[in-house]
Amino acid sequence: MTGRSLAYLARIPVDQVKGIGPQTMKKLNKAGIYSVTDLLLHVPRRYLDRSQIFDLSSVPLDEEVTVGGTVMKVEQRRLTKKRLMTTARVSDGTNVITCTWFRKWMRLDEGAEILLSGKVERWQGRLQMKSPDFELWKEDETLVTGRVVPIHPQAGGYTPMQMRDSIANALKRSRPITEVLPAVMLARLGLMGRDDALGAVHFPETRDEAWPARRRLIFDELFRLEISLAMRKHQQVEAATGIRHDPTGDVVGAFVDALPYELTRAQARSIDEIQADMAAPHPMHRLLQGEVGSGKTVVAVAGLLTGVQSGYQGAVMAPTEVLAEQHYLGIRELLEEAGLAPAQGDPTGRSGTGSLFGGDDTPRGGVNLALLTSNNAEVNFLPPGTAARQDVIEGIAGGGVDIIIGTHSLIQEGVDFARLGIAVVDEQHRFGVYQRVQLREKATDYDPDLLIMTATPIPRTLSMTLYGDLDVSVLDEMPPGRIPVRTVHETRSASRLAAVYDLVRSEVRAGRQAFVVCPLVDESDKLEVKSATEEHERLSGIFPDLEVGLLHGQMRPSEKDDVMSRFRDGRVDVLVATTVIEVGIDIPNATLMIIEDADRFGLSQLHQLRGRVGRGEHASTCILIAEPTTPQGEERIAAMVATTDGFRLAEEDLRIRGQGTVFGERQAGTKDLKLADILRDARLLVQARDEAFSLVAGDPDLNGHPLIRDEIAAMLGDDSEWLFRS
Ligand code: ADP
Ligand code: MG
């Protein structure tokens, strides 16, 4: 086929397009547009349809429409340096509509004739539009064929007309754009050809023509993502040498029997799934998904012990030091209760107490557990505080340590494992793909099993699709007896704060504990520490009779340990903290979570923070102290008060903020989704997945589909690099 491919055009810098000079290129780069392909995929947000202009007297409400008229009156008021409120009254002779924009800068002249595109609402009997797109009626352009005007997202300081110009130039120079998908696939899915799609998405003859074009481009995005997942999965299965763990030993059974509670059915099922994977010859790649507080940790420990009883080591990587330490302490205690603690002072943990790998009637030996963070090293076979960092590193390399818990420090140079059998990544949204690959690569001659854990609530079909290279276990059931956290919104008024402090006192009197989370301070650890320190001082004054602790990221590790262990033991009543406590922290006795300036946090963060309480048998309360200054802030607070369902909150978050933020920017692939919306386009996503997986099944290295292969390499960039690594 002739023409130029998007892969080829992805390597051509955007200043090669006629009319784009170095200055403009810089600005376009800032908007993420580097190559000609990027520019071609900078598609209109909406279309303004000159052929279908409604009269204001009969315009349908709450749907995308175009109306036109004369600007009667313009008023502008500067709210902040970056926000200028512009209000215009526009009349078309049949009625009047009021439009409002919030922009840094805007010019609109009274008397101008304009076209407006967006949703019309009726409020107190009057018509209004919020931030509609607009065009001057008289703008005379040859580019706008037909009567449909594309409205591109702003970038590079371009006027809408300049943007159209540049894209038209880019298209003219590039077309025809090479098709990469097989014709049969296009026919099967009813998809438009790529060249037609790119033409029609930018400059459609009619508004209707734009939608199939857009659908094709959305499919392309999803297909690229799914192909890369399918290849990754294939390579994992094919190229990998896994371990056949033996799930029949009695270590896991002893552990489960000694738990102070019964496993939920979901936990038992997940453990079975994990053990089945581990017993199989190919390496496990499993995602364990479960709402905050659903009990993922014990499931992971069962997996780790399955590895240990087969003679391998297990590793857990946690995103923060505080969380790693909590896991270490928690798992140490569980092992002790199960009679699996090693004899102290015995670096192997085995001599004298019998071998872990002996026959059935040999007394069971201990499991050697170690903690390694950038600042801390502990082992459970020496008295606390006596292990040296180097001993722990040697224990991991020599095989004396069975389970190692740590932070990023585990994947550093110099930490080598004797025989890593299972790697667990906790709170995986805090890590990138590379880090999970790096951890796995700590085993050199074979591929260890991998379990990654997440509380990001996404529907099962979507998670299978989005994490197409992973199998999924879901903890869809909470441990029994949990009482949903009551959530209330409070203002900063003196009387409301006094009521909040009364609640703190009464909870503490009842033997419970409280968290106070200090405001987020933009981009500055230092300021965040300052605000937490001040809040700690203030609350110490308000509660002279209570023990008020402080925890923030810049404290010395020993200080962090100290306050966390005092909080855990109940010696600290109120813990003032920054968001270091956001993930994973498990203190079942804490029943009060107070979040200051709560409107400044994201929804998923608020949900995680709230998840720190309601983890035990006592009723808990989450207090959001907020006086929201933005509509989004207000919506987030309302959503938190309305529901404790993480899945519903995630959907709200998608709606309020867009998807990138929900899945985390570091989540491979999703950041490449510019057009697709994984909820809205769920059907197309499933189709893309099916097509991609069956294509890769028949042609694993894409040797028969070199164009697709090139495109993945060129357009998924770094994420795909290691796909082609042999
Ligand atoms: P998460 O899934 O958020 O990581 P954790 O593993 O920290 O949750 O568990 C939350 C709390 O629930 C812990 O205190 C844990 O001991 C407790 N827990 C876990 N499983 C059960 C169960 N089956 N029954 C009762 N409590 C449980
Ligand atoms: Mg956890």
Side-chain angles (χ1 to χ4, degrees), residues 1-12 14 16-20 28 33-52 64 66 117 133 135 139-156 158-183 185-187 189-224 673-676 681 684 688 707-708 710-711 714-715:
M1 190 182 281
T2 56
R4 293 169 190 81
S5 68
L6 288 185
Y8 168 79
L9 295 166
R11 296 184 181 104
I12 301 197
V14 72
Q16 296 299 303
V17 173
K18 192 172 134 207
I20 298 183
L28 287 173
I33 300 171
Y34 296 91
S35 67
V36 174
T37 293
D38 292 335
L39 187 63
L40 293 180
L41 293 179
H42 188 69
V43 307
R45 220 156 18 102
R46 52 165 69 135
Y47 305 89
L48 212 140
D49 191 348
R50 297 191 192 203
S51 65
Q52 237 207 32
E64 295 285 331
T66 303
S117 183
D133 285 309
E135 284 284 307
E139 198 167 20
D140 184 24
E141 279 181 89
T142 48
L143 269 179
V144 182
T145 58
R147 318 202 55 164
V148 179
V149 186
I151 308 289
H152 290 89
Q154 291 212 325
Y158 265 178
T159 67
M161 205 156 77
Q162 286 170 324
M163 180 58 88
R164 286 194 284 271
D165 242 11
S166 288
I167 288 176
N169 284 334
L171 268 176
K172 200 155 48 180
R173 280 282 304 278
S174 315
R175 289 179 88 167
I177 309 282
T178 312
E179 181 57 73
V180 299
L181 297 184
M185 191 192 295
L186 295 180
L189 299 170
L191 290 173
M192 198 171 186
R194 180 173 271 179
D195 183 65
D196 289 342
L198 280 165
V201 83
H202 289 294
F203 301 108
E205 293 285 333
T206 65
R207 210 196 312 223
D208 288 346
E209 194 189 85
W211 301 118
R214 190 175 281 267
R215 179 166 172 268
R216 166 63 205 265
L217 300 179
I218 291 172
F219 180 84
D220 284 353
E221 268 188 6
L222 297 169
F223 186 71
R224 283 191 287 268
L673 299 181
K674 298 201 176 73
L675 292 174
D681 301 320
L684 212 49
L707 289 171
I708 295 179
D710 277 358
E711 181 161 313
M715 295 180 63

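Note: hydrogens, waters and symmetry copies are ignored here, and every other heavy atom, side chains too, is used.
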*Asks:* Can you tell me how far CD1 of Ile218 sits from CG of Asp681, rounded to the nearest 0.5 angstrom?
*Replies:*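 Separation between the atoms: 4.5 Å.
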
*Asks:* What pair of heavy atoms forms the shortest contact from Arg215 to Gly190, and how long is it?
*Replies:*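 In terms of heavy atoms, the two residues are closest at NH1-O, 3.2 Å.
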
*Asks:* Flag the pair Leu6 / Val180 as yes when at least one side-chain heavy-atom distance between them is below 4.5 Å, and no otherwise.
*Replies:*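 No, every pair of side-chain atoms sits at 4.5 Å or beyond.
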
*Asks:* Going by heavy atoms in the side chains, are Ser174 and Leu40 under 4.5 Å from each other?
*Replies:*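 Side-chain contact under 4.5 Å: yes.
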
*Asks:* Salt bridge check, Arg216 against Glu221: does any charged N sit closer than 4.0 Å to a carboxylate O?
*Replies:*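 No salt bridge links Glu221 with Arg216.
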
*Asks:* Within the side chain of Ser35, is there an N or O that forms a donor-acceptor pair under 3.5 Å with the backbone of Ile12?
*Replies:*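 No.
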
*Asks:* Taking atom CZ of Arg11 and atom CD of Gln16, what is their separation to the nearest 0.5 Å?
*Replies:*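 Arg11 atom CZ to Gln16 atom CD measures 15.5 Å (nearest 0.5 Å).
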
*Asks:* Are the side chain of Arg173 and the backbone of Val17 linked by a donor-acceptor contact shorter than 3.5 Å?
*Replies:*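 Flag not set: sc Arg173 to bb Val17 has no pair under 3.5 Å.
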
*Asks:* Can you tell me how far apart CG (Leu171) and CG (Leu39) are? Round to the nearest 0.5 Å.
*Replies:*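 That separation rounds to 8.5 Å.
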
*Asks:* Going from OG1 on Thr206 to OH on Tyr47, what distance comes out if it is rounded to the nearest 0.5 angstrom?
*Replies:*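 Here the interatomic distance stands at 10.5 Å.
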
*Asks:* Is it the case that the ring center of His152 lies less than 6.0 angstrom away from the ring center of His202?
*Replies:*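 Yes - the distance between ring centres of His202 and His152 falls below the 6.0 Å cut-off.
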
*Asks:* Considering all heavy atoms of both residues, which atom of Pro150 and which atom of Pro44 are nearest to each other, and what is their separation?
*Replies:*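 For Pro150 and Pro44, the tightest heavy-atom pair comes out as CB-CG, 3.6 Å.
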
*Asks:* Look up atom NE2 in His42 and atom CG in Leu675, then write down how far apart they are to the nearest 0.5 Å.
*Replies:*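 The distance works out to 10.5 Å.
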
*Asks:* Starting from the C-alpha separation in whole Å, work towards a yes-or-no answer on side-chain contact (heavy atoms from CB on, under 4.5 Å) for Lys18 and Asp165.
*Replies:* CA-CA 9 Å; Lys18 192 172 134 207; Asp165 242 11; over 6 Å; no

*Asks:* Just to verify, which of Asp710, Thr37, Asp220 counts as forming a side chain to side chain contact (heavy atoms under 4.5 Å, CB included) with Met715?
*Replies:*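 When Asp710, Thr37, Asp220 are each tested with Met715, the side chain to side chain contact (heavy atoms under 4.5 Å, CB included) holds only for Thr37.
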
*Asks:* Between Glu711 and Arg194, is there a side-chain N and carboxylate O pair less than 4.0 Å apart?
*Replies:*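 Yes, charged N to carboxylate O under 4.0 Å.
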
*Asks:* Restricting to non-hydrogen atoms, name the atom on Met192 and the atom on Ala200 that form the minimum distance, rounded to 0.1 Å.
*Replies:*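 Here Met192 and Ala200 meet closest at CE-CB, 3.9 Å.
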
*Asks:* Go through the steps to decide whether Leu41 and Ile33 satisfy the test side-chain contact (heavy atoms from CB on, under 4.5 Å), and finish with yes or no.
*Replies:* CA-CA 9 Å; Leu41 293 179; Ile33 300 171; over 6 Å; no

*Asks:* If you round to the nearest 0.5 Å, how far is OG1 of Thr178 from CG of Asp195?
*Replies:*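 Between atom CG of Asp195 and atom OG1 of Thr178 there are 8.5 Å.
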
*Asks:* Donor-acceptor pair, Asp38 side chain versus Tyr34 backbone, under 3.5 Å?
*Replies:*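 Indeed, once roles are kept as given, a pair shorter than 3.5 Å links the two residues.
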
*Asks:* Can you tell if the side chain of Phe219 reaches within under 4.5 Å of the side chain of Leu181, non-hydrogen atoms only?
*Replies:*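 Counting from C-beta outward, Phe219 and Leu181 do come under 4.5 Å.
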
*Asks:* Atom CZ of residue position Arg45 - does it have more than 12 heavy atoms of other residues, nucleotides or ligands inside 6.0 Å?
*Replies:*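 Counting neighbours around CZ of Arg45, more than 12 heavy atoms of other residues, nucleotides or ligands fall under 6.0 Å, so yes.
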
